Amino acid sequence: MALFKKKEVNSIEDIILPEHVGIIMDGNGRWAKKRGLPRSAGHSAGANNFRKIIRYCSDIGIKYLTMYAFSTENWRRPEDEVSALMKLFKQYLEEALRDFKDDSIKLRFIGDTTAFREDIQELMKEAVEGSKDRDGMVLNLAMNYGGRDEIVRAAKVISERVLKGEISPEEINEQMISDSIYTAGQPDPDLIIRPSGEYRTSNFLLWQSAYSEYVIMDKLWPDFSKDDMNFALLEYAKRNRRFGGV
Ligand code: FPP
């Protein structure tokens, strides 16, 4: 599939944008360490950058953006780091609700949100409910999200249908799994960006990323700029996506 509108490609105006972008916000800890600051300061800078980049993606016309904010494994971090992250999530949710009337972003959560504190869960529900009728960018915040956990949950849902006699095991197909995961009804990510130079998926969108293009960048998340976003989009546009064909 050709992703160029013109032959010369220097700006994002010249390309067909990916419909769905995923970002693994990595490198907050290293960013803080380099400055002799606590890790929580890195997360705080990362949260500010999150605000900037989601706004930019919405402005340029990305339709779906999935941001990896907290994995099922992140609970293993020291208690003070986890509680600093919870504070940042709460702050963002309160702020999103406060500014809600001027916004077009539709907020969704992917992951097992029941593990969060009651007050955070309440804010999440309000944010989803309050933004559900908007027609702007869908922002999926991956919170207590794990790709393997998501697939296990889908397997349980489908097994229940088999047990109830609604379907036979032979009828289970890929679409059924796509319809039973958190992103049901959304297109798979075209592009996944991982700043901080690590070459890992880290349990992010395992099922959905079967044919995603990965762009790994040597920038720590708090330093990841709009220009870096443009670079990743241009890099994506250069790829020749074959989806297993020739
Ligand atoms: C990974 O970097 C980052 C996280 C586990 C947290 C990501 C969260 C944010 C950017 C804040 C999001 C805030 C809102 C409001 C959604 P790391 O700490 O593992 O970095 P390191 O690999 O350098 O240690």
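Since the model is a prediction, treat every value here as computed from it, not as a measurement. Numbering of residues begins at 1 and proceeds along the displayed sequence.
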Please check if the side chain of [X] supplies one atom and the backbone of [Y] the other of a donor-acceptor pair under 3.5 Å.
{"X": "Ser159", "Y": "Ala155", "result": "yes"}
{"X": "Arg35", "Y": "Trp31", "result": "yes"}
{"X": "Ser44", "Y": "Ser40", "result": "no"}
{"X": "Ser131", "Y": "Leu107", "result": "yes"}
{"X": "Asn203", "Y": "Arg148", "result": "yes"}
{"X": "Asp190", "Y": "His20", "result": "yes"}

[X] and [Y]: side-chain donor and acceptor closer than 3.5 Å?
{"X": "Asp80", "Y": "Ser83", "value": "no"}
{"X": "Thr183", "Y": "Gln208", "value": "yes"}
{"X": "His43", "Y": "Asn28", "value": "yes"}

[X] versus [Y], closest heavy-atom pair with distance:
{"X": "Pro189", "Y": "Ser212", "value": "O-OG, 2.7 Å"}
{"X": "Asp26", "Y": "Ser196", "value": "OD2-OG, 2.8 Å"}
{"X": "Ala232", "Y": "Ile193", "value": "CB-CD1, 3.6 Å"}
{"X": "Ala69", "Y": "Asn74", "value": "O-OD1, 4.5 Å"}
{"X": "Ala32", "Y": "Gly42", "value": "CB-N, 3.7 Å"}
{"X": "Pro18", "Y": "Leu191", "value": "CG-CD2, 4.0 Å"}

Kindly write out the residues that satisfy salt bridge (Lys or Arg N to Asp or Glu O under 4.0 Å) with Arg77, not counting sequence neighbours, or none if the list is empty.
-> Glu81
For Glu235, enumerate each residue passing the salt bridge (Lys or Arg N to Asp or Glu O under 4.0 Å) test, keeping only those at least two apart in sequence or located in another chain.
->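 Glu235: salt bridge (Lys or Arg N to Asp or Glu O under 4.0 Å) contacts with Lys238, Arg239.
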When Ile, Leu, Val, Met, Phe, Trp and Tyr are grouped by side-chain heavy atoms lying under 4.5 Å apart, directly or through other members, which residues fall in the same group as Tyr64?
-> Val138
Who else is in the cluster with Leu163 when I, L, V, M, F, W and Y are joined by side-chain contacts under 4.5 Å?
->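 When side chains under 4.5 Å apart are linked, Leu163 ends up in no cluster with other residues.
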The criterion is side chain to side chain donor-acceptor pair (under 3.5 Å); which residues satisfy it with [X], sequence neighbours excluded?
{"X": "Lys52", "result": "Asn49"}
{"X": "Glu171", "result": "Ser168"}
{"X": "Glu79", "result": "none"}
{"X": "Asn140", "result": "Thr66, Gln186"}

Met229 vs Val21, side-chain contact (heavy atoms from CB on, under 4.5 Å): CA-CA, chis, key distance, verdict | CA-CA 10 Å; Met229 186 73 206; Val21 178; 4.0 Å; yes
Step by step, would you call Arg76 with Val82 a side-chain contact (heavy atoms from CB on, under 4.5 Å)?
-> CA-CA 8 Å; Arg76 294 185 204 140; Val82 172; over 6 Å; no
Examine [X] and [Y] and state if one hydrophobic cluster contains both, with Ile, Leu, Val, Met, Phe, Trp and Tyr joined whenever side-chain heavy atoms are less than 4.5 Å apart.
{"X": "Ile216", "Y": "Phe231", "result": "no"}
{"X": "Leu141", "Y": "Ile53", "result": "yes"}
{"X": "Ile24", "Y": "Ile110", "result": "yes"}

Listed partners of Asp112 passing side chain to side chain contact (heavy atoms under 4.5 Å, CB included), at least two apart | Thr114, Asn144, Arg153, Tyr182
Can you sort out the partners of Tyr211 under side chain to side chain contact (heavy atoms under 4.5 Å, CB included), two or more places apart, ordered by chain and number?
-> Phe243
Are [X] and [Y] close enough that some pair of their side-chain heavy atoms sits under 4.5 Å apart?
{"X": "Ile105", "Y": "Arg55", "answer": "yes"}
{"X": "Phe89", "Y": "Phe70", "answer": "yes"}
{"X": "Tyr145", "Y": "Thr72", "answer": "no"}
{"X": "Ile192", "Y": "Ile23", "answer": "no"}
{"X": "Leu17", "Y": "Leu233", "answer": "yes"}
{"X": "Leu93", "Y": "Glu126", "answer": "no"}
{"X": "Ser209", "Y": "Phe204", "answer": "no"}
{"X": "Asp119", "Y": "Lys90", "answer": "yes"}

Return the set of residues passing ring-ring contact (aromatic ring centres under 6.0 Å, His included) with Tyr92 (not counting sequence neighbours), or none when no residue passes.
->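 ring-ring contact (aromatic ring centres under 6.0 Å, His included) check on Tyr92 returns Phe50.
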By ring-ring contact (aromatic ring centres under 6.0 Å, His included) - contacts of Trp221 (at least two apart) = Phe224
Point-to-point distance, once rounded to the nearest 0.5 Å, from CD of Glu198 to CG of Asp218 |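 If I round to the nearest 0.5 Å, the distance is 9.5 Å.
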d(Ile54 CD1, Cys57 SG) to nearest 0.5 Å is 9.0 Å
If the plane angle is over 60° it's perpendicular, under 30° parallel, otherwise tilted; pick one for Trp75 and Phe116.
->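 Tilted.
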More than 12 heavy atoms of other groups within 6.0 Å of Lys219 NZ =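 Result for NZ/Lys219: enclosed.
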Please indicate whether Asp135 has more than 12 foreign heavy atoms, meaning atoms of other residues, nucleotides or ligands, lying under 6.0 Å from its CG.
->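 No - once you tally the heavy atoms of other residues, nucleotides and ligands closer than 6.0 Å, there are 12 at most.
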Dump the intermediate steps for side-chain contact (heavy atoms from CB on, under 4.5 Å) on Glu166 and Glu160, then the final yes or no.
-> CA-CA 9 Å; Glu166 289 173 14; Glu160 287 292 335; over 6 Å; no
Show the numbers, then the answer: is there a side-chain contact (heavy atoms from CB on, under 4.5 Å) between Met67 and Met25?
-> CA-CA 7 Å; Met67 303 293 270; Met25 299 188 279; 3.8 Å; yes
